[in-house]
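All values reported here derive from a predicted model rather than from experimental measurement. Residue numbering restarts at 1 for every chain, and letters A, B, ... go by the order of the sequence lines.
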Protein chains: 2
Amino acid sequence: MPSNAGRAPFAMPVDDGAPPKIPRSDSALVELAMRKHVLLYGLIGGVLIAGLKFIEYRWLVVDHSVEIYGALVAAVFAGLGIWLGLRLTRPARHTETVVVREVRVEAPVEFVRDRDKVASLGITPRELEILELIAAGLSNKEIAARVFVSENTVKTHSSRVFDKLGARRRTQAVQLGKELRLIP
Amino acid sequence: MPSNAGRAPFAMPVDDGAPPKIPRSDSALVELAMRKHVLLYGLIGGVLIAGLKFIEYRWLVVDHSVEIYGALVAAVFAGLGIWLGLRLTRPARHTETVVVREVRVEAPVEFVRDRDKVASLGITPRELEILELIAAGLSNKEIAARVFVSENTVKTHSSRVFDKLGARRRTQAVQLGKELRLIP
DNA sequence: CCCAAAATCACCCATTCGGATGACGCGCCC
DNA sequence: GGGCGCGTCATCCGAATGGGTGATTTTGGG
């Protein structure tokens, strides 16, 4: 834009100034762009006023200092207004729309024991433990060795849990136990 | 979110001169909008000043009215600036943060038989069938009745599959079979 | 402290299961 | 035709399992 370089008083303060001191913020880019536009605006304003001034001179306007004063005030307050507007809307700019997208994750689907069912069937902790070991494929003897009891005890426990599950074989007990979410 | 949503209110007939550049990005769009508004602003400013000038002449404002004039200009331009600032930041307010939250979804994960493992273990279809029925909790006799063979045949099949799996008990065979994805 | 539930152990008996072995028939392929 | 894989069936035997009964000890709560 051609400026009236001849008129020193019209050198807009924004022209040489406006040091690009950009505050570090997430919207630094937007602010930079805006600053650019404030400059542009000032420039246009200056040209406009210059035009008016020229017209004023052409028409022998008495006092032109009022226009300069007004233009300066206008420019300054416009900048202030923009800045204020940005200030005021800053919190609003943090408005974000949270979109929750459900993503299918290959989850091992960790086991959750159905304690209610365990309770309703009257299965004791020990019996459940034995059932788990049966499901692991251990024999009564191995289970007895692992939990430090006699094989007879293991048999008793398993018999009881079979009874409570209505199972006649250990494989059936395992199947039912898994189905009823008593064991993993 | 349609990016031109913020643009719609600014569709002004004043600035057709602006080449309809294809908005490559949001920043380009913001700049375009801003240019429009700077032009509009300048126009309004010019009109305002002209109006004030007219008023000034009409009412023969004295020297003291300069303050009033300045204040008016300041107030008006400050308001304009605020309005402009708000307008300009509107696109920023549309900033949308997409938060992808991974949600564990119960995935049924239907069973897929590991045929390679079946083949590598040399397990025949019949043996696999028997293994499945064993896993279902059936006794050899029940299996025999279901597949219409003698119990001895079932025993042979199960013995073979136990051998191939390295299992010593049917519960262990079931456990291994599930672990190796041979059966559901 | 007492009681009931739970856990422990034992014995007996019948059934089931697992291992080993042998045999027969059928379809397939070299 | 002979070999091979697969499915079928059988017999014997020992081990494991399931069912029933009874008993003792431990434990937790009223």
(message) Under 3.5 Å, is there a donor on one side chain and an acceptor on the other for B:T156 and B:S159?
(response) no

Can you measure [X] atom [atom1] to [N] atom [atom2] for me and round it to whole angstrom units?
X: B:I123; N: D:dG5; atom1: CD1; atom2: P; result: 16 Å
X: A:E142; N: D:dA15; atom1: CD; atom2: P; result: 15 Å
X: B:K141; N: D:dA10; atom1: NZ; atom2: P; result: 13 Å
X: B:I143; N: D:dG7; atom1: CD1; atom2: C1'; result: 16 Å
X: A:L128; N: C:dA7; atom1: CG; atom2: C1'; result: 15 Å
X: B:E151; N: D:dC9; atom1: CD; atom2: C1'; result: 12 Å
X: A:I130; N: C:dA7; atom1: CD1; atom2: P; result: 9 Å
X: A:E129; N: C:dT8; atom1: CD; atom2: P; result: 8 Å

(message) With rounding to the nearest 0.5 angstrom, report the CG to CZ distance, A:L133 to A:R146.
(response) 6.0 Å

(request) Rounded to the nearest 0.5 Å, what's the gap from CG on A:L165 to OG on A:S158? Could you check? (result) 11.5 Å

(message) Do the side chains of A:R113 and A:E132 get close enough for a salt bridge, i.e. N-O under 4.0 angstrom?
(response) yes

(request) State whether A:K117 and A:E179 are salt-bridged, where the test is any N-O pair (Lys NZ or Arg NE/NH1/NH2 against Asp/Glu carboxylate O) under 4.0 Å. (result) no

(message) Working note: A:E142 + B:R168, criterion salt bridge (Lys or Arg N to Asp or Glu O under 4.0 Å); need CA distance, chi angles, decisive distance, verdict.
(response) CA-CA 12 Å; A:E142 288 168 338; B:R168 316 183 120 269; over 6 Å; no

Hey, is the side chain of [X] poking within less than 4.0 Å of OP1 or OP2 on [N], counting only N and O atoms?
X: A:H157; N: C:dA7; value: no
X: A:T153; N: C:dC9; value: yes
X: B:R170; N: C:dC17; value: yes
X: B:N140; N: C:dT16; value: no
X: B:N152; N: D:dA10; value: yes

(message) Going by side-chain hydrogen bond (donor to acceptor under 3.5 Å, both in side chains), B:N140 matches just one of B:E151, B:K155, B:R170. Which one?
(response) B:R170

(message) Please pick, from C:dA7, D:dT8, C:dC9, the nucleotide with the shortest atom-to-atom distance to any side-chain atom of A:S150.
(response) C:dC9

Under-3.5 Å N/O pairs linking protein and nucleotides 19-30 of chain D:
from: D:dG19; atom 1: O6; to: A:K155; atom 2: NZ; distance (Å): 3.4

